[in-house]
Amino acid sequence: MIKLSLAFPTKALVELNTCLKDLEVHRPDADALKHSDCEFLLDQITEYSTSSVALVRKLITPDESSPITRVSLDLEDLDAVLSGITNLRFSLVNTKLLDIPENYLDGSMPPDIETLKPDVIRSYSLYRFLGALSGQLIQAENAAQSDYDDEEPTDTDNEP
Amino acid sequence: MSTAASPLQQEETITQRKRPSKWNVIIDNDPVNLMEYVTRIIRKVFGYDENQAAKLMMQVHTNGKAVVWTGAKEQAEAYLFELQKAQLSCHLEEVEDD
């Protein structure tokens with residue numbers, strides 16, 4: 001079994017910080033994100049998709065005493081995690097972003113951009129964060145797989 | 001002079017018609033899925049190597065779609081199911097005879 005473990009990817013960390021900023025929990029230094037911030041963000045994600053949040057939670061193994069965090073999961077779990085992230089991204093687009101023009105048209109939402117802005121920004125931030133995380137996880141998987149392949153003995157290694 | 005086809009000719013025609021059709025599995029571009037993710041899914045579903053999968057993904061990205069596999073309908077449908085399960089936008093298209 002290959003264990004995938006990487007420092008919380010920089011690009012995702014930047015997006016995570018953007019999320020928190022939009023949620024008004026901004027930390028000027030991305031490295032100083034704390035466990036509580038992470039929990040807060042995950043609670044926000046829960047609002048959008050309870051089925052996917054467990055998978056996203058699974059990614060993050062926070063240590064209360066130190067800044068966030070490491071991503072640690074078995075490579076075997078990556079399919080489920082990526083699937084959860086993808087579903088959540090589609091959910092954000094379909095239910096939070098694309099629906100807005102339609103809601104305007106049928107008059108079920110107030111035509112006030114200021115009212116909608118926080119929701120749009122929040123959804124888009126989460127969308128980008130999850131995208132960055134997903135991309136970095138795949139790159140980490142490729143790197144782990146490549147290392148594993150390099151370590152595998154070849155036929156020529158076994159030759160006398 | 002009779003123009004009716006001989007039994008042998010009729011048999012050949014029937015044989016030609018019965019030849020199983022081929023189907024293209026086509027992935028369409030979409031605004032949500034990441035390039036790395038699409039490449040990964042192509043690798044996993046079809047067993048292509050990294051370069052081939054990345055090349056096909058780039059075709060999807062630049063041309064809006066790419067034929068990723070061609071073959072029997074049953075297998076094409078199985079691949080389509082796998083791609084749809086991974087949230088990729090895709091469809092089948094019958095290959096026209098020359």
Side-chain angles (χ1 to χ4, degrees), chain A residues 2 4 6 9 11-12 15 48-49 51-52 55-56 59 71 73 75-99 101 123-150, chain B residues 23-72 74-93:
Chain A
I2 304 174
L4 183 64
L6 67 160
K11 193 177 170 193
E15 296 292 2
Y48 296 101
S49 171
S51 59
S52 297
L55 292 166
V56 179
L59 289 173
V71 173
L73 75 162
L75 207 52
E76 291 165 355
D77 293 335
L78 195 59
D79 282 342
V81 168
L82 289 174
S83 173
I85 289 176
T86 304
N87 288 339
L88 188 50
R89 276 165 54 85
F90 270 98
S91 159
L92 286 167
V93 168
N94 292 333
T95 64
K96 293 289 174 185
L97 301 176
L98 295 184
D99 277 358
S123 298
Y124 192 56
S125 292
L126 289 175
Y127 177 83
R128 283 187 325 219
F129 162 64
L130 292 167
L133 186 58
S134 173
Q136 297 281 324
L137 282 170
I138 292 169
Q139 285 177 20
E141 179 195 36
N142 290 340
Q145 194 69 57
S146 175
D147 290 347
Y148 180 77
D149 291 344
D150 290 345
Chain B
W23 290 75
N24 288 332
V25 178
I26 297 170
I27 296 179
D28 301 297
N29 195 23
D30 75 73
V32 175
N33 284 313
L34 301 171
M35 293 163 84
E36 296 98 327
Y37 180 73
V38 175
T39 305
R40 184 178 188 273
I41 296 300
I42 292 174
R43 284 184 70 180
K44 284 185 84 75
V45 172
F46 299 99
Y48 298 154
D49 64 29
E50 173 74 28
N51 286 341
Q52 196 177 0
K55 198 174 158 186
L56 288 167
M57 178 278 296
M58 279 312 293
Q59 273 183 39
V60 175
H61 184 66
T62 53
N63 303 337
K65 63 180 180 178
V67 175
V68 290
W69 188 85
T70 302
E74 196 172 314
Q75 183 61 58
E77 285 174 340
Y79 283 141
L80 190 77
F81 177 72
E82 289 300 316
L83 294 174
Q84 286 173 336
K85 212 167 66 176
Q87 294 268 27
L88 261 56
S89 174
C90 51
H91 67 278
L92 297 184
E93 224 171 60

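- Atom CD1 of residue A:Ile138 and atom CD1 of residue B:Ile41 lie 7.5 Å apart, to the nearest 0.5 angstrom.
- Of the inter-residue distances, the one linking A:Asn142 atom CG with B:Glu50 atom CD reads 5.5 Å to the nearest 0.5 angstrom.
- The structure places CZ of B:Arg40 at 4.0 Å from CD of A:Glu141, a figure rounded to the nearest 0.5 Å.
- Within 6.0 Å of atom NE2 in B:His91, more than 12 heavy atoms from other residues, nucleotides or ligands are found, so the atom counts as buried in its surroundings.
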